[in-house]
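The structure under discussion appears below in the form of structure tokens.
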Amino acid sequence: MVFMSNKILAITMNPSVDISYPITHLDIDTVNRVSNVTKTAGGKGLNVARVIHQLNEPVSTSGVLGGTIGDYISKQLKEVGLQEQFLHITQESRNCIAILHDDGQQTEILEAGPALTAQQQEEFMQHFTNLLSEVSLVTISGSLPQGFTADLYAQMIEAAAKQNVKVILDSSGKSLTAGISGANKPLLIKPNQEEIAQLVGRKLKDLTDLQEVLLNEEIFTNLEWVVVSLGKDGALAKVGQEIYRVSIPKINVVNPVGSGDSTVAGLAVGINRNETIPTVLKTAMTTGMLNTMEKETGHIDPSLFDEYFNKVSVEKL
Ligand code: ADP
């Protein structure tokens, strides 16, 4: 008997420890003291993995991490029951600091992360290729570490295609362009409005304009699924040659950070469960919405899933 895996692998190439410093007032050029500090494992792919895990779908995490910061990330993933299959490197992973101050202002200090070598890129590709035999779908989220080439995602998509593993790519800039320009394509991309404008090279006028672009521009016609998330306005998706308009209810937003990642998690789970196109799209909008209703990034309350799922509507245009 051939063993068919149904596990999802969520990739984060440049994870971080996200440090939050809440202070009443930030004073420049002097000492600021802070208590109440939170430190959590961060990175878009880790948000994706957490939400997939909350939907009870088998999931593992990978990418590269190292040093004591890497150990902290690894420990936190294991604590929430996530399988950790990162390539461990000798350099330190990064910290990303958000200072929350002065009535809602947020000042961020983001480390670039370790500078990696061509040999480490080869080691990662070997590591990733080995993991592919255990999974049915891969999500790739976020930016690349320094030193890895812009075509890394294209290489990963090619390796996945060889083993019939589906890929969802959620990135931006050069790594997104390179990721959809290879001979093998990801099954799905989930650009937001900003990323779609980057890809097309101009801001889109309205939904009709967006629809025309999705149906006619070669970069999109070559892809099976393009799900453009539109924040509070839901999404517009192209699947094959069909366009779907996804409408969502008005909700109380607590923290929208990580909604795109939670949407990717919903897409991955729906596709991995072989759901119909409307169900996949509704699942993704529901996970996106539920994330905005929580304080914590990349986190949903699964007990609200059915209620909000039933409020999403999908119309084929
Ligand atoms: P990203 O976080 O990648 O920029 P979006 O802002 O498009 O992505 O959000 C992804 C999804 O999360 C949306 O399609 C929607 O389902 C949900 N969402 C985000 N912001 C809101 C909002 N203000 N109200 C309701 N749902 C939202």
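We number each residue from 1, following the sequence as shown. Order of listing sets the numbers, starting from 1, for every ligand and every atom in it.
Salt bridge present: K162 and E158 bring a charged side-chain N and a carboxylate O closer than 4.0 Å. Here R202 pairs with D209 in a salt bridge; the nearest charged N to carboxylate O distance falls below 4.0 Å. Salt-bridge formation is detected for the pair K44/D170: a Lys NZ or Arg NE/NH1/NH2 atom is positioned less than 4.0 Å from an Asp or Glu carboxylate oxygen.
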Distances under 3.5 Å, N/O of ligand 1 against N/O of the protein: list each pair and its distance.
from, atom 1, to, atom 2, distance (Å)
ligand 1, 2 (O), G260, N, 3.0
ligand 1, 3 (O), K190, NZ, 3.4
ligand 1, 4 (O), N192, ND2, 2.9
ligand 1, 7 (O), S229, O, 3.4
ligand 1, 7 (O), S229, OG, 2.7
ligand 1, 7 (O), G231, N, 2.9
ligand 1, 8 (O), S229, OG, 3.3
ligand 1, 14 (O), G234, O, 3.0
ligand 1, 16 (O), M285, O, 3.4

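Placement of I8 and I11 in two distinct hydrophobic clusters is found when ILVMFWY residues are connected by side-chain heavy-atom separations under 4.5 Å, directly or transitively. Under the 4.5 Å side-chain heavy-atom criterion for grouping Ile, Leu, Val, Met, Phe, Trp and Tyr, F128 is connected to V135 within one hydrophobic cluster.
Residue pairs meeting the ring pair (Phe, Tyr, Trp, His ring centres under 6.0 Å) criterion with at least one partner in residues 294-313, sequence neighbours excluded, are F305-F309.
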